[in-house]
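Got a structure for you, questions after.
These numbers come from a predicted model, not from an experiment.
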Amino acid sequence: QLHLVDSGGGLVQPGGSLRLSCAPSGFSLDYYAIGWFRRAPGKEREGISCLSSGDGSTYYAASVKGRFTISRDDANNTGYLQMDNLKPEDTAVYYCAADYVPCPWFNDPPYWGQGTQVTVSS
């Protein structure tokens, strides 16, 4: 079964940084757009970033723009989300996703990671 494995979450103090990773299982990320979503306790899922293959166009939600950076390393078949200047409101479970459709996505992508917890607290 094709899916993604996301990792890199943890506990960090406000102002700190984390880098999340997203690796496919059973397929290559070549030609796939990759994206990141998050779900905070008691809130709806939020799409926060997306990176297309090919032209490399990116999308960031206003809540993370300027602090988070999405990237990909096709040679290592891995996607990343660099999160800097983290705030307590960034606390959530983060999910990576992939779709053959380029960004922006208007429907749920077919491939998802299992989620990784990010907690920002002093």
Side-chain angles (χ1 to χ4, degrees):
Q1 184 175 2
L2 306 181
H3 62 279
L4 301 167
V5 179
D6 40 36
S7 61
L11 173 64
V12 64
Q13 293 186 342
S17 298
L18 283 173
R19 189 178 78 160
L20 306 183
S21 298
C22 175
S25 177
F27 68 105
S28 170
L29 282 178
D30 287 355
Y31 308 113
Y32 281 85
I34 56 174
W36 292 90
F37 295 77
R38 67 185 181 186
R39 187 187 298 274
K43 294 187 177 181
E44 293 188 354
R45 189 184 68 194
E46 176 187 16
I48 57 173
S49 188
C50 188
L51 170 62
S52 293
S53 66
D55 67 1
S57 58
T58 57
Y59 161 83
Y60 293 97
S63 57
V64 306
K65 195 169 187 178
R67 301 187 296 121
F68 291 10
T69 304
I70 191 170
S71 64
R72 61 192 300 150
D73 182 346
D74 287 338
N76 289 311
N77 203 27
T78 303
Y80 301 98
L81 184 69
Q82 177 68 39
M83 305 186 296
D84 297 317
N85 191 20
L86 283 161
K87 305 175 180 180
E89 52 263 42
D90 294 318
T91 295
V93 179
Y94 284 70
Y95 301 87
C96 68
D99 198 331
Y100 212 70
V101 175
C103 309
W105 294 332
F106 299 102
N107 297 295
D108 275 357
Y111 305 117
W112 289 85
Q114 79 285 1
T116 184
Q117 176 70 46
V118 172
T119 302
V120 185
S121 175
S122 56

* Test side chain to side chain donor-acceptor pair (under 3.5 Å) applied to S52 - qualifying residues, sequence neighbours left out ->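 Testing S52 for side chain to side chain donor-acceptor pair (under 3.5 Å), a comparison that skips the adjacent residues, returns S57.
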* Restricting to pairs with a member in residues 82-106, which pass ring-ring contact (aromatic ring centres under 6.0 Å, His included), not counting sequence neighbours? ->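 Every ring-ring contact (aromatic ring centres under 6.0 Å, His included) pair that includes a residue of residues 82-106, provided the two are not neighbours, is Y32-Y100.
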* For the residue pair I34 and L4, establish whether any side-chain heavy-atom pair is separated by less than 4.5 Å. =>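 Not in contact.
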* **salt bridge (charged side-chain N to carboxylate O under 4.0 Å, His left out) contacts touching residues 20-34 (sequence neighbours left out)** =>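 For residues 20-34, and leaving out neighbouring residues, there are no salt bridge (charged side-chain N to carboxylate O under 4.0 Å, His left out) pairs at all.
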* Might you point out which heavy atoms bring I70 and G35 nearest each other, and give the distance in Å? =>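 Closest approach of I70 to G35, heavy atoms only: CD1-CA, 4.2 Å.
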* Tell me, which pairs form a salt bridge (charged side-chain N to carboxylate O under 4.0 Å, His left out) where one or both residues lie in residues 11-25, sequence neighbours left out? ->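 Those involving residues 11-25 do not exist here.
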Would you tabulate the side-chain donor-acceptor contacts of residues 5-15 under 3.5 Å, counting partners in other chains and residues two or more places apart, or write 'none'?
residue, atom, partner, partner atom, Å
D6, OD1, Q114, NE2, 3.3
D6, OD1, G115, N, 2.9
D6, OD2, C96, N, 3.0
D6, OD2, G115, N, 3.4

With a 3.5 Å cut-off and sequence neighbours excluded, list the donor-acceptor pairs that the side chains of residues 77-84 form with protein atoms.
residue, atom, partner, partner atom, Å
N77, OD1, L29, N, 2.7
N77, ND2, F27, O, 3.4
T78, OG1, N76, O, 2.9
Q82, NE2, D84, OD1, 2.9
D84, OD1, S17, OG, 2.7

* Those residues that, when tested against R67, pass salt bridge (charged side-chain N to carboxylate O under 4.0 Å, His left out) (two or more places apart) ->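 Salt bridge (charged side-chain N to carboxylate O under 4.0 Å, His left out) list for R67, sorted by chain: D90.
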* Apply salt bridge (charged side-chain N to carboxylate O under 4.0 Å, His left out) to D74 and list each qualifying residue two or more places apart in sequence or on a separate chain. =>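 Salt bridge (charged side-chain N to carboxylate O under 4.0 Å, His left out) check on D74 returns R72.
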* I would like to know whether L20 and V118 meet side chain to side chain contact (heavy atoms under 4.5 Å, CB included); could you show each step before the answer? => CA-CA 9 Å; L20 306 183; V118 172; 4.1 Å; yes
* Listed by chain and number, what are the side chain to side chain donor-acceptor pair (under 3.5 Å) partners of T119, not counting sequence neighbours? ->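 Only Q117 meet the side chain to side chain donor-acceptor pair (under 3.5 Å) criterion with T119.
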* Just wondering, are more than 12 heavy atoms of other shown residues or ligands nearer than 6.0 Å to CG in D55? ->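 More than 12 within 6.0 Å, yes.
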* Please collect all disulfide (SG to SG under 2.5 Å) contacts where either partner lies in residues 32-82, sequence neighbours excluded, each pair once. =>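 Applying disulfide (SG to SG under 2.5 Å) to every pair that reaches into residues 32-82, excluding sequence neighbours, yields C50-C103.
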* To do: Please list all pairs passing the ring-ring contact (aromatic ring centres under 6.0 Å, His included) test where one or both residues lie in residues 37-74, with sequence neighbours left out.
  =>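 Qualifying pairs: F37-W112.
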* To do: Could you list all the side chain to side chain donor-acceptor pair (under 3.5 Å) pairs where at least one residue sits in residues 40-49, not counting sequence neighbours?
  =>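 Sorted result for residues 40-49: R38-E46, R45-D108, E46-S63.
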